[in-house]
Undergrad: 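Input: one structure, supplied below.
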Amino acid sequence: MHSLPTLDYVPQELRAHALSCLLEPDPSVKVAMVAAMAQAGPAPDPAAVLQAQGAIPGRPVRPELVPPRLVGRRSMITQEGRAMLVHALAHIEFNAMNLALDALWRFPDMPFEYYMDWLRVAAEEATHYTLLAAHLAVLGHAYGDFPAHDSLWEMVDKTRGDVLARMALVPRTLEARGLDAIPPLRAKLAQTGDMAAAAILDIILRDEVGHVEIGNRWYGYLCEQRGLELRATYAALATRYEAPTLRGPFNLEARRRAGFSELELSDLPA
């Protein structure tokens, strides 16, 4: 595992600092900046008007971003195959850190608790990325060694103009898919004997339940503020923003813990 750089934290308003973290392209520096921001816990500046001076999100030159069908897969029986999977997961967590930072800086005039929630998410996603990058090194590789796709960030970008759409279609749609996907991946890794990777997935699943719950809670808050019905609004947003079609099997127990109602679970395709 590479040691993280030591940064002197310069207090500044939370949303402005989140934006500077988001613009940082070096993953290890970004992780250190997020950790410093979370430790300091500065007061948010909910009404500030901010402008990004750089490409969003900041990311390294590698990995090469390709369409999902071109990412490639190999058998997890081999170390190379496991490394490709761990790399894909590290890429997801790197993007998830960025999406939390984007939720922090982009949307003004939300309640204080909203910003504290997304600060927590950013810090936990940074930890997930760090764990996966360290395990990738054990497998003889580094983040950037394999191609990756950008589907998660594409939806973040689509929903940049509306916090309601962001909460509906990123945490409670795309991140919720992780609740379904992690248990079978964890089982496959454990079957190959990679118990270190399996333990990392246990941590990620535990934390992701909380992240999806945050999305559900703020989606419900915004629907109430705007006088909208939750399920009909979600269906309309999914159509308008061309959200991916959900496919089972679904981790219903984790989804319940993440705040989905029984009616919402009944809306999932059989």
Side-chain angles (χ1 to χ4, degrees), residues 13-19 21-22 34 37-38 41-48 50 56-57 93 95-126 128 152-179 204-241 243-244 246 254-265 267-268:
E13 300 295 353
L14 176 59
R15 289 179 55 237
H17 194 64
L19 178 56
C21 293
L22 181 61
V34 169
M37 180 174 65
D45 48 345
L50 303 175
I56 293 180
E93 297 304 314
N95 268 325
M97 175 172 45
N98 283 330
L99 78 83
L101 293 169
D102 196 79
L104 263 170
W105 89 269
R106 186 174 294 278
F107 301 111
D109 300 317
M110 291 292 287
F112 175 86
E113 292 79 9
Y114 169 89
Y115 300 102
M116 295 302 99
D117 278 343
W118 286 104
L119 178 59
R120 170 192 147 197
V121 174
E124 290 178 351
E125 302 291 20
H128 299 167
L152 178 58
W153 188 260
E154 287 169 2
M155 185 57 75
V156 174
D157 189 53
K158 278 185 182 181
T159 56
R160 65 186 182 276
D162 185 3
V163 65
L164 175 67
R166 173 68 61 83
M167 294 300 107
L169 300 177
V170 178
R172 70 193 308 270
T173 299
L174 297 185
E175 289 197 276
R177 294 171 76 183
L179 305 182
I204 292 175
L205 180 60
R206 177 199 70 198
D207 292 346
E208 291 299 335
V209 169
H211 301 174
V212 176
E213 188 278 330
I214 286 169
N216 269 321
R217 181 155 34 87
W218 289 109
Y219 174 72
Y221 167 86
L222 289 159
C223 282
E224 183 177 352
Q225 290 289 305
R226 300 184 190 186
L228 301 171
E229 197 279 322
L230 273 76
R231 292 161 68 211
T233 300
Y234 176 80
L237 289 169
T239 298
R240 184 187 314 163
Y241 288 90
L246 297 180
R255 284 175 174 264
R256 287 187 182 97
R257 287 190 285 122
F260 286 100
S261 70
E262 293 302 316
L263 281 174
E264 287 175 307
L265 294 178
D267 290 334
L268 295 171

Undergrad: Is any side-chain heavy atom of S261 less than 4.5 Å from a side-chain heavy atom of L230?
TA: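 No, every pair of side-chain atoms sits at 4.5 Å or beyond.
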
Undergrad: Find out whether Y114 and L104 are in side-chain contact, i.e. whether some heavy atom of one side chain is under 4.5 Å from a heavy atom of the other.
TA: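 Not in contact.
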
Undergrad: Does L268 reach the side chain of F260, with side-chain heavy atoms less than 4.5 Å apart?
TA: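 Sidechains of F260 and L268: no contact.
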
Undergrad: If you apply the rule side-chain contact (heavy atoms from CB on, under 4.5 Å), what do you find for R172 with H211, and how did you get there?
TA: CA-CA 9 Å; R172 70 193 308 270; H211 301 174; over 6 Å; no

Undergrad: C223 versus W218: any side-chain heavy-atom pair under 4.5 Å?
TA: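 No, side chains not in contact.
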
Undergrad: With sequence neighbours excluded, what pairs up with R106 under the side-chain contact (heavy atoms from CB on, under 4.5 Å) test?
TA: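 So R106 forms a side-chain contact (heavy atoms from CB on, under 4.5 Å) with I56, D102, R160, R166.
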
Undergrad: Tell me, with the steps shown, if V121 and L99 meet side-chain contact (heavy atoms from CB on, under 4.5 Å).
TA: CA-CA 9 Å; V121 174; L99 78 83; 5.6 Å; no

Undergrad: What residues form a side-chain contact (heavy atoms from CB on, under 4.5 Å) with A165, not counting sequence neighbours?
TA: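 Applying side-chain contact (heavy atoms from CB on, under 4.5 Å) to A165 gives T159, D162, L237, Y241.
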
Undergrad: Please give me the minimum heavy-atom distance between G259 and E264, naming the atom from each residue.
TA: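 That would be O-OE1, 4.1 Å.
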
Undergrad: Kindly compute the distance separating OH (Y221) from CE (M110), expressed to the nearest 0.5 Å.
TA: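 Rounded to the nearest 0.5 Å, the OH-CE separation comes out at 6.0 Å.
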
Undergrad: Drop me the distance from I204's CD1 to L179's CG, to the nearest 0.5 angstrom.
TA: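 It comes to 12.0 Å.
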
Undergrad: Count the heavy atoms belonging to other residues, nucleotides or ligands that lie under 6.0 Å from CD of E224, then report whether that count exceeds 12.
TA: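 Result for CD/E224: open.
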
Undergrad: Mind running salt bridge (charged side-chain N to carboxylate O under 4.0 Å, His left out) on R217 and E213 for me, showing each step along the way?
TA: CA-CA 6 Å; R217 181 155 34 87; E213 188 278 330; 2.9 Å; yes

Undergrad: Starting at CG of N95, measure out to CH2 of W153 and round the result to the nearest 0.5 Å.
TA: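 One finds 7.5 Å between CG of N95 and CH2 of W153.
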
Undergrad: Does T173 use its side chain to pair, donor to acceptor, with the backbone of A243 at less than 3.5 Å?
TA: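 Not confirmed, T173 side chain does not pair with A243 backbone.
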
Undergrad: Got M155 and P244 here, is their nearest side-chain heavy-atom distance under 4.5 Å?
TA: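 A side-chain contact exists here, since the closest heavy-atom pair is under 4.5 Å.
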
Undergrad: Hey, what do you get for CZ (R231) to CG (L263), rounding to the nearest 0.5 Å?
TA: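 Nearest 0.5 Å value for the CZ-CG distance: 4.5 Å.
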
Undergrad: Looking at every non-hydrogen atom in both residues, tell me the closest pair between A126 and M97 and how far apart they are.
TA: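 Reported closest heavy-atom pair: CB-SD, 3.5 Å.
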
Undergrad: Out of curiosity, E93 CD to D207 CG, how far, rounded to the nearest 0.5 Å?
TA: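 Going from CD on E93 over to CG on D207, the span is 9.0 Å.
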
Undergrad: With side-chain contact (heavy atoms from CB on, under 4.5 Å) as the test, would you mind laying out the steps for E125 and V34 before giving the verdict?
TA: CA-CA 10 Å; E125 302 291 20; V34 169; over 6 Å; no

Undergrad: Drop me the distance from R255's CZ to R257's CZ, to the nearest 0.5 angstrom.
TA: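 So the CZ of R255 and the CZ of R257 are separated by 12.5 Å.
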
Undergrad: Does some side-chain heavy atom of L169 sit less than 4.5 Å from a side-chain heavy atom of Y234?
TA: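 Side chain of Y234 against side chain of L169, heavy atoms only: contact under 4.5 Å found.
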
Undergrad: Between E124 and R120 (salt bridge meaning N to carboxylate O under 4.0 Å), is one present in this structure?
TA: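 Judged by the 4.0 Å cut-off on N to carboxylate O distance, E124 and R120 do form a salt bridge.
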
Undergrad: Are any non-hydrogen side-chain atoms of P171 and V212 less than 4.5 angstrom apart?
TA: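 No - every pair of side-chain heavy atoms lies 4.5 Å or more apart.
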
Undergrad: Is there a donor-acceptor pair closer than 3.5 Å between any side-chain N or O of E13 and the backbone N or O of A16?
TA: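 Flag not set: sc E13 to bb A16 has no pair under 3.5 Å.
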
Undergrad: When you compare the side chain of E208 with that of H128, does any pair of heavy atoms fall below 4.5 Å?
TA: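 H128 vs E208: side chains touch.
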
